[in-house]
Each structure stands twice: as C-alpha cells, then as structure tokens.
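Remarks on the structure that follows.
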Amino acid sequence: MINRRLFSSSTKAASNYYRITLKRSVIGLPEEIRAATKTLGLFRLHQTTYKPVNAGNAGLILKLKELVKVELKDHIPTKEELSANKPARGYSVIGSKV
C-alpha cells in the first residue's frame, strides 16, 4: 500500500505568505488575466500584496507568472517595519564649494 502525504497538515511550511508584486502591465491582455490580478489585489504597477500560501493562490500566480514577482515571507510586515526600511525624506547639504 502506498502512503500518500502530499499536502500533510502536520508539517508546517517555513514561509506562510507570498509577497506578490505586479511588474508588468495587464493592458491588452485577456479578461481572464485581468480578473486574476484583481483577485490577488493588484491594481497598479509595482503594487505589493501579501497572500497566504495555498493551492488557490499558487494557481493564480501561475497564470500571472510573466507579470509578477513572487517571494516567500514568514510574516506580513507592519507599517512600522515598512517605514523603518525607507530612507529619510528630503535631502541634506553635506558641503559647499563656494
């Protein structure tokens, strides 16, 4: 007897979320592709969403594999974590040549 454990719930995946970023435009593509991007919550170029790792989301990502960039993450970052990675706004004058 063959023991099949393809999608066992006892083993926990190291990463729980897909980080999906839309890199190419969906202008001129079929309605099925545009609907898949809306289902994933992607409306603008370079927009990023986080979706849980499951078969449904994996299928949508495979439909859009040429249009999106996908990374595996273990948690969804908070607003504080995202703002900590950004550089300070504006600029500062280091020296002058006058």
How close do Leu45 and Ser25 get, counting heavy atoms only, and between which atoms?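 Closest heavy-atom pair between Leu45 and Ser25: CD2-N, 3.5 Å.
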Taking all non-hydrogen atoms of both residues into account, name the closest pair between Asn57 and Pro52 and its distance.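 Answer, listing the atom of Asn57 first, then Pro52: ND2-O, 2.8 Å.
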Return the set of residues passing side chain to side chain donor-acceptor pair (under 3.5 Å) with Thr21 (not counting sequence neighbours), or none when no residue passes. Thr48
For Glu81, the salt bridge (Lys or Arg N to Asp or Glu O under 4.0 Å) test, sequence neighbours excluded, returns none
Going only through I, L, V, M, F, W and Y residues with side-chain contacts under 4.5 Å, is there a path from Leu40 to Leu72? yes
According to a hydrophobic-cluster definition based on side-chain heavy atoms being under 4.5 Å apart (Ile, Leu, Val, Met, Phe, Trp, Tyr only), do Tyr50 and Leu42 belong together?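 Tyr50 and Leu42: separate clusters.
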Name all pairs fulfilling the salt bridge (Lys or Arg N to Asp or Glu O under 4.0 Å) condition that reach into residues 62-72, sequence neighbours left out, sorted by first residue then second. Arg19-Glu71, Glu32-Lys63, Lys69-Glu71, Glu71-Lys73
So which pairs with a foot in residues 33-53 pass salt bridge (Lys or Arg N to Asp or Glu O under 4.0 Å), sequence neighbours left out? Glu31-Arg34
Apply the test side chain to side chain contact (heavy atoms under 4.5 Å, CB included) to residues Tyr17 and Asp74: give CA-CA distance (whole Å), side-chain angles for both, the deciding distance (0.1 Å), then the verdict. CA-CA 6 Å; Tyr17 295 97; Asp74 57 350; over 6 Å; no
Quick one: pull up OG1 in Thr49 and CD1 in Ile20 and give me the separation to the nearest 0.5 Å. 4.5 Å
Scan residues 89-98 for pairs that pass side chain to side chain donor-acceptor pair (under 3.5 Å), counting only residues two or more places apart or in two chains.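 Qualifying pairs: none.
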Just to verify, what does Ile33 make a side-chain contact (heavy atoms from CB on, under 4.5 Å) with, not counting sequence neighbours?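 Once residues adjacent in sequence are excluded, the partners of Ile33 under the side-chain contact (heavy atoms from CB on, under 4.5 Å) criterion are Leu29, Pro30, Leu64, Leu67.
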